[in-house]
Colleague: 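Can you read through this structure? Questions will come right after.
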There are 2 protein chains.
Amino acid sequence: MAEDYVELIAELIESRGEARPVEIAERFGVKPPTVTKNISRLKAAGLVRREPYRAIFLTDAGQELAEACRRRHRIVVAFLLSLGIDEETAERDAEGIEHHVSETTLKAFEQALVPSQSDT
Amino acid sequence: MAEDYVELIAELIESRGEARPVEIAERFGVKPPTVTKNISRLKAAGLVRREPYRAIFLTDAGQELAEACRRRHRIVVAFLLSLGIDEETAERDAEGIEHHVSETTLKAFEQALVPSQSDT
DNA sequence: GGCAAAAGTTAGACATGGCTAAGTTTTCTA
DNA sequence: TAGAAAACTTAGCCATGTCTAACTTTTGCC
Ligand SMILES: [Mn+2]
Ligand SMILES: [Mn+2]
Ligand SMILES: [Mn+2]
Ligand SMILES: [Mn+2]
């Protein structure tokens with residue numbers, strides 16, 4: 001859960017300047033109270049900073065985790081696409097797969113990707 | 001959860017003739033009461049047949065689900081191995097990935113596998 | 001056949017993640 | 001700038017999956 005949350009929060013901050021519970025709820029297809037509860041768990045875990053009724057921000061630890069998650073997400077999606085899978089399916093499957101790929105597998109995905117395009 | 005359970009139960013029945021809670025507990029690294037509770041949930045879901053203190057068997061629905069799971073497992077592992085990933089990592093990652101691959105992605109994995117070996 | 005060990009179950013606790021209903025705070029707008 | 005709407009929180013419920021402690025049943029063996 002934490003991974004998907006920090007990942008989305010990072011994206012919202014990047015695109016909107018701040019992350020708001022409503023948007024998180026919509027994106028995940030859950031109700032606002034669920035977001036409130038989960039955000040307070042993230043806060044307890046030291047991943048986010050925030051006070052009641054205000055926007056959500058990432059702590060340094062949260063930023064780091066978000067970065068790692070986004071990287072995994074990117075690599076998995078790119079890999080699935082390189083296999084010829086359609087974008088929607090690639091995104092949907094990656095959303096689950098990303099939480100189970102070890103660094104070893106991630107490296108293998110990257111390797112298998114190089115032939116097609118290398119935009120480091 | 002259900003997927004991993006029916007998958008293991010099918011394997012135990014195949015190799016041992018029956019599936020016993022102790023073995024399931026050991027395999028999953030959980031305690032016996034956890035298995036008891038989960039098995040009764042599987043029973044409530046119509047996936048297994050069993051009476052107290054006896055071995056566990058799959059219903060027809062359970063068998064079907066187990067078959068589907070084992071197929072996904074096999075394909076994912078084979079695919080990861082074909083990428084050059086070591087067996088242990090392939091097995092570990094597949095155990096998580098298998099629950100998130102759509103039929104579309106599975107087909108793509110199979111396709112990408114054909115070049116190396118086709119043992120249908 | 002009886003008893004000890006192994007296997008399994010029950011009871012009760014806890015964490016996670018979801019919900020609805022109801023209340024509070026903030027924001028927008030007439 | 002007041003009042004309504006939107007956003008957010010709180011309280012309390014539920015399901016899932018895990019555990020420990022204690023009890024029951026089955027098994028294996030002398
Ligand atoms: Mn995800
Ligand atoms: Mn993701
Ligand atoms: Mn699995
Ligand atoms: Mn499996």
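Everything quoted here is computed from the prediction, not taken from an experiment. The analysis underlying the following values was restricted to heavy atoms, covering all of them including side chains, and did not include hydrogens, waters or symmetry mates. Chain letters run A, B, ... following the sequence lines, proteins first, then strands; residues in each count from 1.
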Colleague: Could you tell me the boundaries of the chain B footprint on DNA chain C, defined by atoms under 4.0 Å from its heavy atoms?
Modeller: C/dA7 to C/dA13
Colleague: Going by the salt bridge (Lys or Arg N to Asp or Glu O under 4.0 Å) test, which pairs reach into residues 27-50 of chain B, not counting sequence neighbours?
Modeller: B/Glu11-B/Arg27
Colleague: If hydrophobic clusters are built from ILVMFWY residues whose side chains come within less than 4.5 Å, do A/Met1 and A/Leu58 share one?
Modeller: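 Per the 4.5 Å side-chain linkage, A/Met1 and A/Leu58 are co-clustered.
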Colleague: Please list, in 5' to 3' order, the outermost nucleotides of DNA chain D lying under 4.0 Å from any heavy atom of chain A.
Modeller: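 The contacted stretch runs from D/dA7 to D/dC13.
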Colleague: Over all strands shown, is B/Arg50 touching base, sugar-phosphate only, or nothing at heavy-atom distances under 4.0 angstrom?
Modeller: sugar-phosphate
Colleague: Quick check: is A/Leu83 connected to A/Leu106 through a chain of hydrophobic side chains (ILVMFWY, heavy atoms under 4.5 Å apart)?
Modeller: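 Same hydrophobic cluster.
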Colleague: Where along residues 29-42 of chain B does a heavy atom come under 4.0 Å from DNA chain C, residue by residue in number order?
Modeller: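 B/Pro32, B/Pro33, B/Thr36, B/Lys37 - these, ordered by number, are the residues of the stretch whose heavy atoms sit under 4.0 Å from the strand.
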Colleague: Quick check: are there more than 12 heavy atoms from other residues, nucleotides or ligands sitting under 6.0 Å from CD of B/Glu110?
Modeller: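 It does: B/Glu110 CD has more than 12 such atoms within range.
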Colleague: With A/Arg70, which of A/Glu14, A/Glu64, A/Glu7 fulfils salt bridge (Lys or Arg N to Asp or Glu O under 4.0 Å)?
Modeller: A/Glu14
Colleague: Applying side-chain contact (heavy atoms from CB on, under 4.5 Å), run through B/Ile85 and B/Leu81 and close with a yes or a no.
Modeller: CA-CA 5 Å; B/Ile85 294 166; B/Leu81 289 176; 5.6 Å; no
Colleague: Does anything in residues 82-91 of chain B pair up under salt bridge (Lys or Arg N to Asp or Glu O under 4.0 Å), and if so which pairs, sequence neighbours excluded?
Modeller: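 Residue pairs with at least one partner in residues 82-91 of chain B: there are none.
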Colleague: Only one of A/Arg74, A/Arg72, A/Arg71, A/His73 forms a side chain to side chain donor-acceptor pair (under 3.5 Å) with A/Glu98, so which one is it?
Modeller: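 Exactly one option meets the side chain to side chain donor-acceptor pair (under 3.5 Å) with A/Glu98, and it is A/His73.
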Colleague: In terms of side-chain geometry, is the basic nitrogen of A/Glu23 or A/Arg16 positioned less than 4.0 Å from the acidic oxygen of its partner?
Modeller: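 Answer for the salt bridge query: yes.
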Colleague: So B/Phe109 and B/Phe79, would you call those rings parallel, tilted or perpendicular, with 30° and 60° as cut-offs?
Modeller: parallel
Colleague: Among residues 3-20 of chain B, which residues get a heavy atom nearer than 4.0 Å to DNA chain D?
Modeller: none
Colleague: Should B/Val77 and B/Val101 be counted in the same cluster of Ile, Leu, Val, Met, Phe, Trp and Tyr side chains packed under 4.5 Å apart?
Modeller: no
Colleague: More 5' along DNA chain C: A/Ala2 or B/Pro52, using each one's nearest nucleotide?
Modeller: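 The residue whose closest nucleotide sits nearer the 5' end is B/Pro52.
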Colleague: Given A/Ile9 and A/Ile39, is the side-chain contact (heavy atoms from CB on, under 4.5 Å) satisfied, shown in steps?
Modeller: CA-CA 10 Å; A/Ile9 290 167; A/Ile39 292 297; 4.1 Å; yes
Colleague: Hey, quick one: are A/Ile13 and A/Val35 part of the same hydrophobic cluster, counting side-chain heavy atoms closer than 4.5 Å, chains of contacts allowed?
Modeller: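 Yes; A/Val35 is reachable from A/Ile13 via cluster members.
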